[in-house]
Amino acid sequence: MHQDPAVRIQDYQVFGEYGDVNPSISDAATYTFLSVEKMQQLFSEEVEGCFLYSRHSSPMNHFLSQALAALEGTEDAHVMASGMGAISSCLLQICSSGDEIVSSRTIYGGTYAIMKNFFPKFGIKTNFVNITDLDEIKSKINDKTKVIYCETISNPLLEIADLRELRKIADERGIKLVVDNTFSPMVVPAFKLGAHIVVYSLTKFVNGTNDCVAGAVCGDHEFISSLKSVNDGAAMLLGPVLDSLRSASILKNMRTLHIRMKQHSENAMHLASELEKAGIKVFYPGLPSHPQHKLITSMIDAKYGYSGMITIDAKDFETASKLMILMQEAKVGYFAVSLGFYKTLFSSPGSSTSSEIPKEEQEAMGMTSGLVRFSMGLDNDIEDTTARIMKCMKECGLLK
Ligand SMILES: *Cc1c(COP(=O)(O)O)cnc(C)c1O
């Protein structure tokens with residue numbers, strides 16, 4: 001297997017039925033069989049190149065899944081209708097009533113909410129921890145714990161999970177390490193560093209065009225098959241199925257992911273350094289001032305940089321709000337949630353993407369109301385963009 005995920009994806013060739021350079025889109029919910037035996041066989045096992053019903057799998061979803069497996073370097077993968085569909089199916093596949101999860105508390109708001117408010121309905125309890133505190137994590141694992149869950153680069157404070165150390169802890173206890181690598185595809189080889197299972201919201205960097213939601217679970221063949229099982233597979237039975245037309249467009253966009261990640265990272269590094277020099281409090285893993293800069297440097301594939309997410313402290317909510325509106329007027333980007341777009345996107349996490357997390361807990365995590373999260377775009381003149389942002393910062397009183 002090649003070291004570089006971009007090469008692995010490029011080496012993954014699928015032709016259409018006439019030798020088309022992109023695979024043909026399967027326009028079908030169901031598939032015909034030539035014998036009763038073959039259909040019976042497909043209900044009990046997977047047969048390469050055979051499809052039964054599109055909630056189980058379809059040719060295009062299979063192709064996109066294989067591209068995701070190539071991205072992460074896993075044996076297999078399965079794509080789903082959203083990142084939340086992938087995360088919830090994955091965790092429900094592993095956990096039964098009475099089981100527990102140990103999760104980072106600085107995670108995507110929707111993931112936090114499903115663990116905190118929804119899973120308890122099924123008797124699944126989550127203990128939230130500071131993911132940078134390995135002793136706290138060990139102390140929260142007990143006989144019922146089945147999973148350690150974290151994001152490689154957390155939302156919105158961009159803390160780094162030490163995947164190598166977390167894997168050691170998971171192995172000592174015989175449990176699974178599940179990692180959401182949505183913020184750092186290609187940048188951090190999460191599976192190689194120790195994740196048993198890697199989940200993605202494809203909605204963000206991987207697709208990169210903000211035209212749909214989608215998700216994926218990457219792991220070994222056994223786990224992915226279990227997710228798809230007609231008898232007890234969460235993906236098959238809960239039904240978060242991605243449409244074939246969408247998976248075709250996501251696959252085409254994945255072909256340029258490596259170029260986009262380099263540009264997102266380069267732009268983020270430039271802006272983060274300039275803002276820090278100007279005296280703004282900046283959270284960016286690529287800056288030596290980031291508390292875990294050494295750790296993340298040991299984890300990344302250097303040619304893809306430190307990814308495109310930056311968080312700044314704009315002092316208070318009023319200043320943050322003013323700044324975002326000014327930046328939108330200056331055509332720096334859009335005031336919108338989500339990330340990984342060609343245009344820079346910014347939002348204030350406390351009132352949007354992390355609003356599911358109660359205020360007291362936000363404070364305990366160090367999330368203040370003046371935070372502004374940037375997903376750096378693919379700007380071709382980052383110096384011009386930086387100058388526009390600085391001008392907005394002066395106008396709202398954040399810089400002199
Ligand atoms: C957006 C996001 C999700 C949820 O993905 P959807 O595609 O919106 O369902 C999960 N994790 C992270 C880190 C995200 O940014």
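Starting from 1, each residue takes its place in the sequence as its number. Whatever order the structure lists ligands and atoms in, that order sets their numbers, starting from 1.
We find the CD1-CG distance between Ile141 and Asn127 to be 10.0 Å, quoted to the nearest 0.5 Å.
Annotation: His264 is in aromatic contact with Phe205 [ring centroid separation under 6.0 Å]. Aromatic ring centres of His196 and Phe223 lie farther apart than the 6.0 Å criterion allows.
Aromatic ring orientation, Phe335 versus Phe346: parallel (interplanar angle below 30°, classes split at 30° and 60°).
Note that Lys121 lies outside the cation-pi zone of Phe119, set by a 6.0 Å cut-off to the ring centre and a 45° limit from the axis.
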Could you tell me, for ligand 1, which of its N or O atoms are under 3.5 Å from any protein N or O, listing the pairs and their distances rounded to 0.1 Å?
from, atom 1, to, atom 2, distance (Å)
ligand 1, 5 (O), Ser201, OG, 3.0
ligand 1, 7 (O), Gly83, N, 2.9
ligand 1, 7 (O), Ser201, OG, 2.8
ligand 1, 7 (O), Thr203, OG1, 2.6
ligand 1, 9 (O), Gly83, N, 3.0
ligand 1, 9 (O), Met84, N, 2.8
ligand 1, 11 (N), Asp180, OD2, 2.7
ligand 1, 15 (O), Lys204, NZ, 2.7

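Contact of the Glu100 side chain with the Thr126 side chain is not registered, since no non-hydrogen atoms from C-beta on lie closer than 4.5 Å.
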